[in-house]
Q: 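Here you go, one structure.
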Amino acid sequence: LQSPKKMDNDFEILSAFLDSVEPEVSGRSAAPVSDADRERIQQFARGELSDSDRDALLPSLASNETALQLLVEAVGRQS
């Protein structure tokens, strides 16, 4: 499990990256998200994803609007 401090940093990095991309030209797709990726997104939101699995998931979050929205919703449910 990740420490809360490490997860905060991960979300800050992801947020900063997404803030740097203009929404109109982001090039993010809205492709369907596999069941396996949905589960990894849920684990990420709960802080249960290993570092290597998290690193493998981050490109999908950055490039797929649907995956990113799932993460936002999952994090919102954790609050």
Side-chain angles (χ1 to χ4, degrees):
L1 293 179
Q2 295 183 44
S3 71
K5 190 171 191 171
K6 173 121 174 76
M7 272 200 59
D8 287 343
N9 187 48
D10 292 341
F11 285 119
E12 288 173 19
I13 291 169
L14 183 58
S15 177
F17 169 76
L18 294 173
D19 285 344
S20 72
V21 180
E22 290 291 325
E24 300 83 86
V25 294
S26 66
R28 291 192 299 261
S29 73
V33 178
S34 71
D35 290 341
D37 279 346
R38 283 178 185 272
E39 178 57 28
R40 282 189 284 271
I41 289 168
Q42 296 297 321
Q43 291 173 318
F44 184 28
R46 293 188 304 260
E48 300 172 352
L49 206 59
S50 71
D51 288 349
S52 61
D53 286 340
R54 184 205 62 237
D55 291 345
L57 181 62
L58 288 177
S60 295
L61 294 171
S63 65
N64 186 330
E65 192 173 320
T66 304
L68 184 59
Q69 183 61 39
L70 288 170
L71 177 61
V72 168
E73 292 169 2
V75 169
R77 286 191 297 271
Q78 299 301 313
S79 302

Q: Under the side-chain contact (heavy atoms from CB on, under 4.5 Å) rule, collect the residues that match up with D53, sequence neighbours excluded.
A: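 Result, side-chain contact (heavy atoms from CB on, under 4.5 Å) vs D53: L49, S50.
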Q: Show your reasoning for whether side chain to side chain contact (heavy atoms under 4.5 Å, CB included) applies to L58 and F44.
A: CA-CA 10 Å; L58 288 177; F44 184 28; 4.2 Å; yes
Q: For a quick test of reading the model, state the closest non-hydrogen atom pair linking A45 to A74 and the distance between them.
A: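 Shortest heavy-atom contact: CB-CB, 3.5 Å.
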Q: Roughly how far, to the nearest 0.5 Å, is the CG atom of L61 from the CG atom of D37?
A: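 Rounded to the nearest 0.5 Å, the CG-CG separation comes to 8.5 Å.
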Q: Do E65 and Q69 meet the criterion of a side-chain donor-acceptor pair at a distance under 3.5 Å?
A: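 Per modelled atom types, E65 and Q69 side chains form no pair under 3.5 Å.
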Q: When rounded to the nearest 0.5 angstrom, what distance separates OG1 in T66 from CZ in R38?
A: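 Between atom OG1 of T66 and atom CZ of R38 there are 8.0 Å.
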Q: What pair of heavy atoms forms the shortest contact from A56 to P59, and how long is it?
A: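 Closest heavy-atom pair between A56 and P59: O-CD, 3.5 Å.
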Q: Output the distance between atom CG (N64) and atom CG (L57), rounded to the nearest 0.5 Å.
A: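 That separation rounds to 10.0 Å.
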Q: Once rounded to the nearest 0.5 Å, what's the spacing between atom CD of Q43 and atom CZ of R54?
A: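 Going from the CD atom of Q43 to the CZ atom of R54 covers 13.0 Å.
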